[in-house]
Number of protein chains: 2
Amino acid sequence: MARTKTTYDVFSAIGEPKRRALIEKLIVEEMSVNELVNAMQWRQPMVSKHLAVLKDVGIVTERRLGRSRIYQVRPEKLRPIQEWIHQFEKYWGGAMDQLDAYLEDIQRKGDRNDKQ
Amino acid sequence: MARTKTTYDVFSAIGEPKRRALIEKLIVEEMSVNELVNAMQWRQPMVSKHLAVLKDVGIVTERRLGRSRIYQVRPEKLRPIQEWIHQFEKYWGGAMDQLDAYLEDIQRKGDRNDKQ
DNA sequence: TACATATATTCCTATATTGGAATATATGTA
DNA sequence: TACATATATTCCAATATAGGAATATATGTA
């Protein structure tokens, strides 16, 4: 069997960093594909394809306006992630403070670059 | 270019449902591989391989005890997910209540089964 | 040491990407 | 109608799975 489809659920869909970037952009204001292409500096088919995945799992919806399609985030669709993560929240807090978390994040980014 | 590696970051690692299931199990209490094999009813190499991904991104650590290896969750490693999701929390709340979210979850599960 | 147990790793197959390029579709405009 | 613009889709290549089977490694025990 192969790996889980990106459209299997919200968790799979946001696994791709570019799709998280799209969500972060669209949460501020709804945008057309072309506006996203300019904002992200990606090729148009790439934007459309990532949007298609997000649309499939319901994270974004689309509205037609002339030739354009305006995409907007449905934030409530991200709620299962919040609910899932919630059960772990009680475990951090004492063990590690904000600064430590930040430093570990930096560390991790370095590791990832080394590994590629 | 190919798809993002599962070990690219925490978001990619938890994209796989089985790995989330392992985390949910291990957060309750640390367990050996064999205990997980029994608890999950998966084959041993499958458990070990999923644990290897989680270990790679730091979500679990392992401790040797005789022939066994005891795995435990490092919940603070899930914090980047909580921080990412946090920026969207303000957008739900009014628009949809708990019950709606629950019903939509059920709906979504049905859709997913239909689609395969 | 010989054997059993616990776990990790390797090899394999099928599949689903991600991204680029080219093309199709839809819609607005002269 | 002919053309331009906006977006989606198809085709392609490269790659990284997820899972099964077999095997390797490590450690405890008789």
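In what follows, chains carry the letters A, B, and so on, assigned in the order in which the sequence lines appear, proteins first and then strands, with residues in each chain numbered from 1.
With a cut-off of 3.5 Å on both Watson-Crick or G-U wobble distances, the partner of C/dA16 is given as D/dT15. Of the nucleotides present, C/dT25 is the one that pairs with D/dA6 by Watson-Crick or G-U wobble criteria, both distances under 3.5 Å. Across every strand in view, C/dC11 sits in a pair with D/dG20 that passes the Watson-Crick or G-U test at under 3.5 angstrom.
Side-chain atoms of B/F11 and A/F11, non-hydrogen and from C-beta on, never get closer than 4.5 Å to each other. Residues A/V47 and A/N34 form no side-chain contact, since every pair of their non-hydrogen atoms from C-beta on lies 4.5 Å or further apart.
Distance from the side chain of B/R64 is smallest for D/dT27 among the nucleotides C/dA8, D/dA18, D/dT27. When each of D/dT17, C/dA16, C/dT10 is scored by its nearest atom to the side-chain atoms of B/K49, the top-ranked nucleotide is C/dT10. The nucleotide whose nearest atom lies closest to any side-chain atom of B/M46 is, among D/dT7, C/dT7, D/dG19, D/dG19. When the nucleotides C/dT17, D/dT10, C/dT27 are ranked by their closest atom to the side chain of A/R67, C/dT27 comes out on top.
Between B/S32 and the phosphate of C/dA6, there is no side-chain N or O to OP1/OP2 separation shorter than 4.0 Å. Applying the 4.0 Å criterion to OP1 and OP2 of C/dT5, one finds that B/N34 has every side-chain N and O outside that range. Between A/T4 and D/dA18 there is no side-chain N or O to OP1 or OP2 distance below 4.0 Å. Here A/T6 reaches the OP1 or OP2 of C/dT17: one of its side-chain N or O atoms lies under 4.0 Å away. The side chain of B/Y71 contributes an N or O atom lying less than 4.0 Å from OP1 or OP2 of C/dA8. Between A/K55 and D/dA8 there is no side-chain polar atom (N or O) within less than 4.0 angstrom of OP1 or OP2.
Between B/L65 atom CG and C/dA6 atom P there is a gap of 12 Å when expressed in whole angstrom units. What separates CD of B/E16 from C1' of D/dG19 is a distance of 10 Å, to the nearest Å. Separating the CH2 atom of A/W42 from the P atom of C/dG19 is a distance of 8 Å, rounded to the nearest angstrom. Separating the CZ atom of A/R43 from the P atom of D/dA6 is a distance of 18 Å, rounded to the nearest angstrom. Going from atom CG of B/L51 over to atom C1' of C/dT9 covers 14 Å, rounded to whole Å. With rounding to whole Å, A/H50 atom NE2 is found 12 Å from C/dT17 atom P. For the pair A/R63 CZ and D/dA6 C1', the interatomic distance rounds to 15 Å; values are reported in whole Å. The distance from atom CD of A/Q44 to atom P of C/dT25 is 15 Å, rounded to the nearest whole Å.
Counting only N and O atoms by type, the side chains of A/H86 and A/E83 include no donor and acceptor under 3.5 Å apart.
With respect to A/T61, the side chain to side chain donor-acceptor pair (under 3.5 Å) criterion is satisfied by exactly one of A/Q72, A/K77, A/E30: A/Q72.
Between B/P45 and A/R19, the residue anchored closer to the 5' end of DNA chain C is B/P45, taking for each the nucleotide with the nearest heavy atom.
Side-chain atoms of B/R20 come within 3.5 Å of backbone N or O of B/G15 as a donor-acceptor pair. Between the B/R19 side chain and the B/A13 main chain, a donor and an acceptor come within less than 3.5 Å of each other.
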